[in-house]
Amino acid sequence: MPNADGDDRPTILLTGGTGYVGGRLIPLLERRPSSLRCLARDPETLRPRVRPTTEVVPGDVLDRPSLGRALQGVHTAYYLVHLMSGAGSKDFERADRQAASNFAEAASQSGVRRIVYLGGLGDDSDPDLSPHLHSRHEVGAILRDSGVETIEFRAAMVIGAGSLSFELMRSLTDRLPVMLCPRWLTTPTQPIAVDDVLSYLLAALDLPPGGSRIFEIGAPEVVSYGDLIRVYARHRGLRRWLISVPILTPYLSGLWLALVTPASFEVGRHLIEGLKNPMVVRDRAALDVFPIRPMGVE
Ligand SMILES: NC(=O)c1ccc[n+]([C@@H]2O[C@H](COP(=O)([O-])OP(=O)(O)OC[C@H]3O[C@@H](n4cnc5c(N)ncnc54)[C@H](OP(=O)(O)O)[C@@H]3O)[C@@H](O)[C@H]2O)c1
């Protein structure tokens with residue numbers, strides 16, 4: 001269906017365009033032979049960052065009617081939203097559930113062919129899975145349940161300037177010569193460079209139709225958070241001492257983060273709670289399906 005400008009190329013809808021991952025995806029999608037529409041709560045903040053040919057429409061994933069309009073005539077819809085840092089951060093799980101249900105229903109009713117979602121790694125069967133990671137998986141399940149083919153990528157920390165989880169690690173390492181670190185220092189994780197995430201998100205456009213899939217993505221090697229801090233410090237020429245303190249609770253860790261980093265206390269605490277959960281690639285199907293070979297942590 002042609003969009004408002006009479007353009008009849010397939011339309012891609014991007015949510016989260018003002019965010020870290022979505023913002024970096026915009027110029028790449030603009031080079032595709034499709035027309036791009038971005039949904040934003042505040043379109044004026046996004047308009048200067050997109051080409052004149054890119055549509056920016058007002059919308060809020062918590063406002064169901066706004067989604068019907070945004071998804072009209074859309075072929076593929078990117079869901080790159082989380083509500084952790086929004087007004088409802090105290091109850092982000094409920095808000096994320098509602099938002100995903102709204103989006104899933106609107107996408108299904110609008111005849112969207114594919115949803116592409118970036119969520120988090122982590123083992124669904126782990127009874128200790130943090131509320132944040134549990135919620136990321138739940139969002140994927142809700143999108144799949146819409147009946148619209150959903151391609152879910154699951155990633156650990158996305159490495160790149162501006163990525164919240166990376167910036168937390170960076171501010172800690174930059175500011176503290178000696179760190180009292182709880183057990184999570186040794187948790188295994190498989191972070192991924194933002195360029196590799198973007199390659200996967202783009203490649204999802206070209207997958208042949210074939211039902212919903214979950215792809216776990218990450219760097220080739222498994223490291224610990226302590227390793228990440230040491231690698232980063234070495235590259236910055238910083239000498240850092242990490243001292244393991246087994247009794248630092250997620251609450252205290254979050255409080256401590258709030259004191260030494262610019263990220264808000266709530267967001268930091270939600271992310272910290274997930275640091276106890278291994279975030280490693282167990283299913284390597286992404287390496288078979290996509291010609292992408294993620295770069296190493298160094
Ligand atoms: N960064 C990482 O390290 C990382 C790692 C693994 C997975 N992921 C996943 O990647 C996805 C994107 O993450 P990110 O780091 O790019 O997040 P981000 O920078 O915090 O951006 C979040 C986006 O969500 C939008 N948003 C929030 N509430 C909304 C609402 N009610 N309606 C419409 N849009 C709303 C924000 O728009 P406003 O400008 O309106 O607030 C913003 O564009 C998330 O699913 C996240 O779980 C990220």
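Just so it is clear, the structure is predicted and the values come from calculations on it, not from any experiment. The residues of the chain are indexed from 1 along the displayed sequence.
A donor-acceptor pair under 3.5 Å is formed between the side chain of His137 and the backbone N or O of Gly120. Looking at Thr45, its side chain does come within 3.5 Å of a backbone N or O of Asp42 through a donor-acceptor pair. Within the 3.5 Å criterion, the main-chain N or O of Met169 finds a donor-acceptor partner in the side chain of Thr173. Judged by distance alone, the side chain of Ser163 and the main-chain N or O of Gly160 form no donor-acceptor pair under 3.5 Å. The backbone N or O of Leu207 sits less than 3.5 Å from a side-chain atom of Arg114, completing a donor-acceptor pair. Of the possible polar contacts, none joining the Thr76 side chain to the Leu205 backbone as a donor-acceptor pair under 3.5 Å is found. Panel note: side chain Tyr78, backbone Leu201; a donor-acceptor pair is recorded below 3.5 Å. When atom types are taken as modelled, the side chain of Arg37 and the backbone of Val56 share no donor-acceptor pair closer than 3.5 angstrom.
Of the residues Val158, Leu121, Ile159, the one that meets the side-chain contact (heavy atoms from CB on, under 4.5 Å) test with Pro191 is Ile159.
No donor-acceptor contact under 3.5 angstrom links the side chains of Ser35 and Glu55, judged on distance only. Side-chain contact of Asp227 with Ser224: a donor-acceptor pair under 3.5 Å is present, judged by distance alone. If you check the side chains of Glu93 and His132, you find no donor sitting under 3.5 Å from an acceptor.
Residues forming a ring-ring contact (aromatic ring centres under 6.0 Å, His included) with Phe153 (at least two apart in sequence, or on another chain): Tyr200, Phe215, Phe290.
The same ILVMFWY cluster, assembled from side-chain heavy atoms under 4.5 Å apart, contains both Leu172 and Leu242. Ile142 and Ile115 end up in different hydrophobic clusters when Ile, Leu, Val, Met, Phe, Trp and Tyr side chains are linked at under 4.5 Å.
Within the 4.5 Å cutoff, the side chain of Leu228 has heavy atoms near those of the Met157 side chain. The side-chain heavy atoms of Asp63 and Asn102, taken from C-beta on, include no pair separated by under 4.5 Å. Side chains of Arg136 and Asp96 form a contact here, defined as non-hydrogen atoms less than 4.5 Å apart. Within the 4.5 Å cutoff, the side chain of Leu67 has heavy atoms near those of the Leu39 side chain. Put simply, the side chain of Val222 does not reach to within 4.5 Å of the side chain of Thr189, judged on heavy atoms. Side-chain atoms of Arg154 and Ile214, non-hydrogen and from C-beta on, do get closer than 4.5 Å to each other. Between Thr150 and Arg213 there is no side-chain heavy-atom pair separated by less than 4.5 Å.
With respect to Arg97 and Asp91, no salt bridge is recorded, no charged nitrogen being found less than 4.0 Å from a carboxylate O. Under 4.0 Å is where a charged nitrogen must lie from a carboxylate oxygen, and between Glu105 and Arg64 at least one such pair does. A salt bridge links Arg282 with Glu216: the closest approach of a Lys/Arg side-chain nitrogen to an acidic carboxylate oxygen falls below 4.0 angstrom. Between Asp128 and Lys276 no salt bridge is recorded (no basic side-chain N to carboxylate O distance below 4.0 Å). Remark: Arg240 does not engage Asp174 in a salt bridge, criterion side-chain N to carboxylate O under 4.0 Å.
Ring pair Tyr79/Tyr117 is tilted by interplanar angle, where 30° to 60° counts as tilted.
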Please test Ile217 against Ile292 for side chain to side chain contact (heavy atoms under 4.5 Å, CB included), starting from the C-alpha separation and ending with a verdict.
-> CA-CA 10 Å; Ile217 56 175; Ile292 297 163; over 6 Å; no
Intermediate values then yes/no, side chain to side chain contact (heavy atoms under 4.5 Å, CB included), Leu29 and Thr54 = CA-CA 10 Å; Leu29 290 174; Thr54 296; over 6 Å; no
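Residue Arg47 places its CZ atom among more than 12 non-hydrogen atoms of other residues, nucleotides or ligands, all under 6.0 Å distant. Within a 6.0 Å radius of CZ in Arg234, other residues, nucleotides and ligands contribute more than 12 heavy atoms.
Between Ile26 and Gly17, the shortest heavy-atom contact is CD1-O, 3.7 Å. The shortest heavy-atom contact between Phe92 and Ser135 is CE1-CB, 4.1 Å.
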